[in-house]
Amino acid sequence: MIKAIKGMKDILPEEIPQWRRIEQAARDVFESYLYREIRTPVLEPTELFSRSIGNATDIVEKEMYTFEDSHQSVSMRPENTAGVVRALIEARLYEARGPQRYYYVGPMFRRERPQKGRFRQFHQIGIEAFGDPGPYVDAEIIQMTCRFFRELGIHGYEVRVNSLGCHTCRPAYVEKLKMAIYLIEGSLCEDCRRRRETNPLRVLDCKNCQEQLSGLPLITENLCLPCLEHFDGFRAHLQQFSIPYVLAPRLVRGLDYYTRTAFEFASVSGALGSQNSLLGGGRYDGLVKNLGGPEVVGIGFALGIERLILALTGPPAEPTPVAYVAHLEMEGFRKAVELAEKLRDQGVAVAVANPLKQLKAQFKEADRIGATTVYVIGPDEIRDGVVKVKDMTTGEQRVVPENDIVPSFSE
RNA sequence: GUGAGCGUAGCUCAAUCUGGCAGAGCGCCGGACUGUGGAUCCGGUUGUUGGGGGUUCAAUUCCCCUCGCUCACCCCA
């Protein structure tokens, strides 16, 4: 049997209503904040990702699906900020009047070992806002996400915020941090000692060594003045919007391009297994320029649809009502097909049994597909010019003149 | 990339520890009911025990290899 590739899943019809609900809520909410949809290719030049996400990150180093295509290295997108920024530059969207706010929905690819809430093909909904340097946008994005979550009835989460500094203050802080780690290195786990060089900020987040780490300097205490003002402004706006949040000075994003504001919506319900990040994002003020565009600042986030579904509670959507046309003998079958087409003209979903199927079997089938109404047409009905109509929930059946069959059956 | 657990009927799982005819429930098909579903009863159907090799008179069971799935680490949405 040919099976789907590891970490890639079919989304079966049963699950589709949930996906549509999430996507629709996102479109409605984001568009109410003047975000517009953008669709970019799944395949991009590998260089786009190595230059934006960062060459030394796990994503670029070992998780991308990369191959040669006519002497060019191309990769399937592991995230979509880089693609949107490329489009912004390529189409000179930054020159347009009005807000440059975009959202996207689509599959992303990372070649990791799959586990709960993590797949090799997964789906993200994300937004990017360009050209606005002030902290108000940062807070507005959080507000917008809270509205989106509220719309979906998701509650078991917390908002975590941090500032990662900028090109002025971060390098100095990283050096300071490295030095501090060096001093306590002996008490740290193997991973942390490795991370001191590869990704010092990550050390702060280590689950094994929290006790030893309490004395390390925090980025929030080492911000330059502009970064500090931005961070304070951001938090003041959150308070103004009455959004509860947790200060997470150890929150680090895994992508190199982030500056200043970084945030995360984390599930606190345990529904995501060991993954708890529902959504992550932040500001990336240097990225557009880095990729060859003008000095345009940006901020954005992405959320994982599969993870959102895990966090979703509540009853599944009700199935849409359907009708079934049962029949006897070829004569009845012909009439049944006609009736079914008339009902479809009225917008009703209708199934017709194969010709000459036993009536009993037809009713069984009607029951199985969840038909709310069954119409019966046989020689007797044709002779009398009527159709029998059975309500499958109550079991009641009545005789209706053929010409009166409008979509009057109960929903 | 590393570690652990699990692969038995369409589905959920027994039997594996202690080797001895591969089972149950659900589903499906049919009948009781020849023009009426769901409930009940009766009957029937369902297998490369993931694959390969080894030990043994005998392997679903024990051993080795391999593939797959799941969870966790790493990292992230």
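Each chain gets a letter, A, B and so on, in the order its sequence line appears, and its residues count up from 1. Please read all numbers here as calculations on a predicted model, not as lab measurements.
The gap from the P atom of B:U55 to that of B:G47 amounts to 30 Å, rounded to the nearest Å. The gap from the P atom of B:A24 to that of B:G19 amounts to 24 Å, rounded to the nearest Å. Rounded to whole Å, the separation between the P atoms of B:A22 and B:U60 comes to 8 Å. Separating the C1' atom of B:A59 from that of B:C21 is a span of 14 Å, rounded to the nearest Å. Across the P atoms, B:A39 and B:A77 are found 48 Å apart, a figure rounded to whole Å. Rounded to a whole angstrom, the distance from the P atom of B:G50 to that of B:U12 is 14 Å. Separating the P atom of B:C28 from that of B:G38 is a span of 10 Å, rounded to the nearest Å. To the nearest whole angstrom, the two P atoms, one in B:C42 and one in B:G27, are 14 Å apart.
In terms of phosphate contacts, A:Ser274 brings no side-chain nitrogen or oxygen within less than 4.0 Å of OP1 or OP2 of B:C71. Regarding contacts with the backbone of B:C69, a side-chain N or O of A:Lys6 is found under 4.0 angstrom from either OP1 or OP2.
Whole-Å rounding puts the A:Glu112 CD to B:A77 P distance at 10 Å. If you take CD of A:Gln115 and C1' of B:C71, they are 7 Å apart, rounded to a whole angstrom. The nearest whole Å value for the distance from the CG atom in A:Leu310 to the C1' atom in B:A77 is 12 Å. We find that CG of A:Leu272 is positioned 15 Å from C1' of B:A72, with the value rounded to whole Å. We find that NZ of A:Lys116 is positioned 15 Å from C1' of B:G5, with the value rounded to whole Å. Residue A:Arg113 contributes atom CZ, which lies 12 Å from atom C1' of B:G68 at whole-angstrom precision. Rounded to whole Å, atom C1' of B:C69 lies 13 Å from atom CZ of A:Phe119. What separates NZ of A:Lys3 from C1' of B:C69 is a distance of 7 Å, to the nearest Å.
In this structure, A:Gly117 reaches the bases: a heavy-atom distance under 4.0 Å links it to at least one base atom across the strands shown. Here A:Ile59 lies out of heavy-atom contact (under 4.0 Å) with every strand. Note on A:Arg110: a base of the nucleic acid sits closer than 4.0 angstrom, heavy atoms only. No engagement by A:Ile305 is indicated, since no non-hydrogen atom pair under 4.0 Å with the nucleic acid exists. Within the 4.0 angstrom heavy-atom criterion, no nucleotide atom of any strand lies near A:Gln362.
Sorted by first and then second residue, the side-chain hydrogen bond (donor to acceptor under 3.5 Å, both in side chains) pairs with a member in residues 42-58 of chain A read A:Glu44-A:Arg86, A:Thr46-A:Ser73, A:Thr46-A:Ser75, A:Glu47-A:Arg51; sequence neighbours excluded. Listed by first then second residue, pairs satisfying salt bridge (charged side-chain N to carboxylate O under 4.0 Å, His left out) with a partner in residues 119-136 of chain A number zero, not counting sequence neighbours. Every pair passing side-chain hydrogen bond (donor to acceptor under 3.5 Å, both in side chains) that includes a residue from residues 103-112 of chain A is listed here, sequence neighbours excluded: A:Glu31-A:Tyr103, A:Glu112-A:Arg118. Within the structure, the salt bridge (charged side-chain N to carboxylate O under 4.0 Å, His left out) test picks out no pair touching residues 75-85 of chain A (sequence neighbours left out).
Counting heavy atoms from C-beta on, the side chains of A:Thr66 and A:Val74 never come closer than 4.5 Å. Contact of the A:Leu308 side chain with the A:Phe148 side chain is registered, since non-hydrogen atoms from C-beta on lie closer than 4.5 Å. Side chains of A:Phe363 and A:Met392 form a contact here, defined as non-hydrogen atoms less than 4.5 Å apart. Within the 4.5 Å cutoff, the side chain of A:Phe234 has heavy atoms near those of the A:Ile142 side chain.
A:Tyr94 and A:Phe130 have their aromatic ring centers separated by at least 6.0 angstrom. Between A:Tyr157 and A:Phe149, the distance from one ring center to the other falls under 6.0 angstrom.
Looking at which nucleotide of RNA chain B each of A:Lys9 and A:Ala302 is closest to, the 5′-most match is held by A:Lys9.
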| Contact pattern, 5' to 3', of nucleotides 27-39 of chain B - B, S or - by protein heavy atom under 4.0 Å | -SS---B-BBBB-
| For RNA chain B, what string of dots and brackets results from 5' to 3' when Watson-Crick and G-U pairs need both distances under 3.5 Å, crossing pairs get [ ], and pairs with another strand get |? | (((((((..((((......[..)))).(((((.......))))).....(((((..]....))))))))))))....
| request: Apply side-chain contact (heavy atoms from CB on, under 4.5 Å) to A:Val386 and A:Val400, showing your working. | output: CA-CA 5 Å; A:Val386 298; A:Val400 179; over 6 Å; no
